[in-house]
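Let me begin by presenting the structure, written as structure tokens, before commenting on it.
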Amino acid sequence: MAFTVNVNGQDRQVDLPGAMPLLWVLRDELGLLGTKFGCGIAQCGACTVHVDGAAVRSCSLPLEAVGEGKVTTIEAIAKSPVGAALQAAWVEHDVPQCGYCQSGQIMTACAALTENPKLGRAGAVEALNGNICRCGCYNRIGDAVAAVAQKLEGGARAKA
Amino acid sequence: MPRPDTIDRRSFLRVGALAGGGLALNLGFAADLFAAEIGKGALPSAGMLNAFVSIAPDGLVTIVSKNPEIGQGISTSLPMIIAEELDADWDRVVITRAQANQALYGPQFAGGSLSTPTNWLPMRRAGATARDLLVRAAAAEWGVPAAELSTAKGVISHAASGRSTTYGAVASAAAKLTPLPAEQIKLKDPARFSIIGKPMRQVATPGIVRGEPMFGLDTRLPGMLFAVYARSPVIGAKLKRAELDAVKAKPGVRHAFPVQGNGNPMELVDGVAILATHWWLARDASDALVAEWDETIGAGHSSTTYAEKAAPLLKAVPAKVVRQDGDLAAARGSAAKRVQAEYHYPFLHHMPMEPQNCTALYENGKFTLWAPTQAPQNGIDGIVKALGVAESDITVNITRIGGGFGRRLINDTMVQAAAIAKGVPGTPVQLIVTREDDTMHGFYRPGGWHAYEALLDGKGKVTGFANHLVGFGTGGKPVRSGEINAQEFPAGLVDNLLIGQTNIETMIPTGPMRAPFSNGICFASQSFLDEVALASGRDLPTLLLEMLGEPRQLPSARPGQRGFDTGRARGVIEKVVATSGWKQRPKARGKTGYGFAFYFCHQGYSAQVVEVRVDQGKISVPRVWTATDVGSHIINTSGAQHQVRGSVIDGIGQALGQAMTFENGKAVETNFDAIQMARHEITPGRIEVDFVISDNPPTGLGEPALPPVIPALTNAIFAATGKRIRSLPIRLDETAA
């Protein structure tokens, strides 16, 4: 079946069954490999993308349910100031070990911080609790998110 | 294959700066954030000084990272060792991943915390021999003795004449010189180390945060099909019959065929290969498969049956005496106190984030694989045995790996991918195992039960100790990673000692999981010793220090490795007792408790203190203190902190929420909904990471810090609540005081 999906600002035509989860459309059809397969049942968060800015588990979102939603993946998250800041903080805090879950962690953190720039440490833990990091980089993920939140708050204050 | 990274390390900086400008973000970028980024592809041949080091005319140093990267940071730390002896400028280093080629690079595997101890000297020599070539090339050019030259950060200087040149300028001449035997080259005085011992960022991180392809699952080849390998849920079941017409009629399916295994789960079990244009289409088509399996192999192999068998065996004498010192029965007669308890821990699965996968191409009688493997040679051996091909016809590209924890030391997925690719010559195939199949076809950390006995004299000294493991066996031998050894703590420290093992026959495949042997036994032994300490009127660190006695070395459990050093054990225990303020800890029962544990494994010593909070049946861990001794140098202090914290979090996750159970040879738990991994909310707010530096060669840190956190946690729960946890995972409501 033919669908048009808007991914990273571009309309993409795909001819695939509507039941195929967005994850596999991104990976196997559109070649966007930064979004990872972890569990297939929305339990681990490795496949997190944004649909209209909200964090969504792409492994459990059928293509036919995406509709007009604007999909953003890790490959384009640098276009968001928050996303770019998170990427930089991830490097600065040397966050990843194996790195496999990290695009999902960044996507979740980006959606949460964009929605609420004053997200504290406790808020970050709550927002990210659905994202498993099997290597246990949680302390540094928290540090990186907190650092960006602080910068965002500082930036907002400076502008005001 | 994954798109080659560009070696433009500043691109990330530019993107970050531009995008951040609008919000006036300034995260304090330093140029060294982008130093030593990972690159891919072949080592440039011009300026190639040895198998590991190549230097371009502009001075850019390319270093080969030889071992599989599973998140343990080895692709940063081994090149750091080379760069140190090379006197390279770390800001001008690019890392490239090696292909599997043990003849060229030496052993290539990630396991047993062995990468550091086995590569410390070879990597130093690789850097030093390359430096020697560069120095001699400069000396020849200037007509001065090489001994008069000095090097620093990629620059060679001759102090007497004031001349200097760069590595890049002399690399091509240096590459033409004959290298000296490594033994003849003087290594750097560690006092002059400027890269080793620093917190260097993982070289792959910039690519990771951009979502760049680098994992096994990200491998892409022209014309590639995606595969699933449908197996019986019963491990090792034989395929009797498969109806494939309905499968072949599903959208996107290109091939479907049965594959006959060789009966060895480590190599190839029977299955049905389904190949489609998109992986989800292959997976979806597998629902249409009608297959009949002979599942008799699993009959009676259930967790409940195993537990029923274990109960009487724990009361009986061990079937095999592993070690016997002194006379336990006589000591029992004269003991003032006798402490006895039984402990249990379950089977576990590794649950790495990246599901098992492998990409394979069979063309003109030769195999090429792209594999996220911890032990490529094991996979090659498996393909040779299962498919009857020559080793020389197999090429393996090692990809970055989304977590290993030991699962990928066993390479059944490589053999499956090769077997499937052989069925479609000329077409590359990416096999991805579903999370459920991955969990149901594991090589599990074997469960076990322990019956303990300790004897105390009137002064509370431990005079006797018995540890009987009721574990699992197959064909009369303990299963893989299910053996108790003759040096198991406190062997050698108690006069009257018995270590024994009795096995329950199993068909469940087992294998090494992070800190194999130790990850279960440590929980049981250090929890029991906490009971013994209580009975002796001491706390656990005090009891252990008394048992350890004077610094000395006990015999080794593993050939070629140093034995247990009581002095190093004392060192980490004393350190963590001091850093945690153990002696001043609140001791009253209540919501908060402190627990201690120590362990020695994989050549490393780690002592830990856990602060637990138990509130209305909910467990949280605010703080953990660790002290670990892995020798004379911590190569990458940032990576080392990661390994210790990751181990602590891993152990807490295992203790709180993980168990694999089986019903007639079939795994019951199959995904993260039933297996609770450690998550953000259970992560201790603070995990203090301290090292005791000792005069011993550096050893690995992927494993030794995991085992002690579990009993430190359960001992803390006892301190808080009076409930002794004798079975994992922790269930407060089921535990008697």
Side-chain angles (χ1 to χ4, degrees), chain A residues 16-17 19-21 24 28-29 31-41 43-44 46 73-75 78-81 83-85 87-92 94-103 106 125-126 128-129 131-132 134-142 147 151-152 155 158-159, chain B residues 12 15-16 19-20 22-29 33 70-73 199 201-202 204-206 208-213 215 217-218 220 226 251 278-281 284 351-355 400-403 432 434-435 638 642 645-646 648-650 671-673 677-681 683 687:
Chain A
L16 293 166
M20 184 182 286
W24 301 104
D28 294 353
E29 180 71 18
L32 293 167
L33 301 171
T35 306
K36 301 301 190 213
F37 169 48
C39 67
I41 58 167
Q43 289 287 316
C44 77
T73 69
I74 186 72
E75 285 87 351
K79 288 180 192 163
S80 139
Q87 288 176 312
W90 246 244
V91 176
E92 185 170 337
D94 195 24
V95 169
Q97 290 186 41
C98 87
Y100 193 80
C101 73
Q102 299 295 348
S103 63
I106 290 172
V125 165
E126 198 183 325
L128 285 160
N129 206 44
N131 287 70
I132 295 172
R134 176 68 181 86
C135 300
C137 305
Y138 296 124
N139 299 97
R140 291 194 192 173
I141 291 172
K151 296 282 175 186
L152 288 173
K159 265 184 145 184
Chain B
F12 181 81
V15 170
L23 266 177
L25 290 176
N26 178 7
L27 285 164
F29 287 122
L33 280 184
I70 52 176
Q72 83 280 46
R201 294 179 174 88
Q202 299 300 312
T205 299
I208 287 169
V209 303
R210 291 189 293 247
E212 288 176 5
F215 296 95
L217 203 79
D218 302 336
R220 287 296 180 270
F226 296 88
H278 299 67
W279 183 77
W280 185 81
L281 293 175
D284 190 52
M351 307 297 283
M353 288 306 292
E354 182 183 12
R400 187 178 181 84
I401 302 168
I432 305 175
T434 64
R435 174 61 63 187
S638 177
H642 248 335
R645 286 180 170 176
V648 164
I649 293 166
D650 194 351
N671 208 324
F672 293 123
D673 53 346
M677 311 306 292
R679 290 179 183 263
H680 284 272
E681 69 177 0
T683 298
I687 303 172

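Throughout, protein chains are lettered first and strands after them, A, B, ... in sequence-line order, and every chain is numbered starting at 1.
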- [ ] Over all heavy atoms of both residues, which pair between B/P213 and A/L33 is shortest? Give the atoms and the distance, please.
- [x] CB-CD1, 3.8 Å
- [ ] Grab the two heavy atoms, one from B/P355 and one from A/G38, that are nearest each other, plus how far apart they are.
- [x] CG-O, 3.8 Å
Open item on the list: Within this structure, what is the CD-OH distance for the pair B/E681 and A/Y138, rounded to the nearest 0.5 Å?
Closed with: 10.0 Å
Task: Under 3.5 Å donor-acceptor, A/R134 side chain and B/P352 backbone - done: no
Open item on the list: If you compare all heavy atoms of B/L281 against all heavy atoms of A/P17, which two are closest, and at what distance to 0.1 Å?
Closed with: CD2-CG, 3.7 Å
Task: Options A/T35, A/V125, A/N131, A/L128, ranked by heavy-atom pairs under 4.5 Å with chain B, top entry - done: A/L128
Task: Heavy-atom proximity to chain B below 4.5 Å, by part of A/L16 - done: side chain
Open item on the list: Between A/Q102, A/E126, A/K36, A/Q43, who has the most heavy-atom pairs with chain B when the cutoff is under 4.5 Å?
Closed with: A/Q43
TODO: To the nearest 0.5 angstrom, please state how far the SG atom of A/C39 sits from the CE atom of B/M677.
DONE: 12.0 Å
Open item on the list: For B/F226 and A/W24: C-alpha separation, side-chain torsions, deciding distance, then whether ring pair (Phe, Tyr, Trp, His ring centres under 6.0 Å) applies.
Closed with: CA-CA 11 Å; B/F226 296 88; A/W24 301 104; 7.7 Å; no
Open item on the list: Working to the nearest 0.5 angstrom, can you tell me the gap between A/I132 CD1 and B/M351 CE?
Closed with: 7.5 Å
- [ ] Could you pull out the closest heavy-atom pair between B/I208 and A/C98, with the gap in Å?
- [x] CD1-O, 4.0 Å
TODO: To the nearest 0.5 angstrom, please state how far the SG atom of A/C44 sits from the CZ atom of B/R679.
DONE: 8.0 Å
Open item on the list: Quick one: does any side-chain atom of B/R201 pair with a main-chain N or O of A/V91 as donor and acceptor, under 3.5 Å?
Closed with: yes
Task: Separation of B/E354 CD from A/C101 SG (nearest 0.5 Å) - done: 12.0 Å
Open item on the list: To check you understand the geometry: which heavy-atom pair defines the closest contact between A/G136 and B/I649, and what is its length?
Closed with: O-CD1, 3.4 Å
TODO: Please look at B/T683 and chain A and tell me whether the side chain, the backbone, both or neither of the residue comes under 4.5 angstrom of a heavy atom of that chain.
DONE: side chain
Open item on the list: Tell me which of these, A/G31, A/G34, A/P21, A/G83, has more heavy-atom pairs under 4.5 Å with chain B than the rest.
Closed with: A/P21
TODO: If the plane angle is over 60° it's perpendicular, under 30° parallel, otherwise tilted; pick one for B/F215 and A/Y100.
DONE: perpendicular
- [ ] Quick one: pull up CZ in A/R140 and CZ in B/R645 and give me the separation to the nearest 0.5 Å.
- [x] 6.0 Å
TODO: Start with the C-alpha gap between B/H278 and A/M20, add the side-chain angles, then the distance that decides, and say whether side-chain contact (heavy atoms from CB on, under 4.5 Å) holds.
DONE: CA-CA 10 Å; B/H278 299 67; A/M20 184 182 286; 3.8 Å; yes
- [ ] Identify which part of B/I70 has an atom lying under 4.5 Å from any heavy atom of chain A, answering side chain, backbone, both or neither.
- [x] backbone
Open item on the list: I need the minimum non-hydrogen distance between A/P96 and B/H642, along with the two atoms involved.
Closed with: O-NE2, 3.4 Å
Task: Min side-chain heavy-atom separation A/Q87-B/T205 under 4.5 Å - done: no
Open item on the list: Quick check on the interface: out of A/I141, A/N139, A/I106, who has the most heavy-atom pairs with chain B under 4.5 Å?
Closed with: A/N139
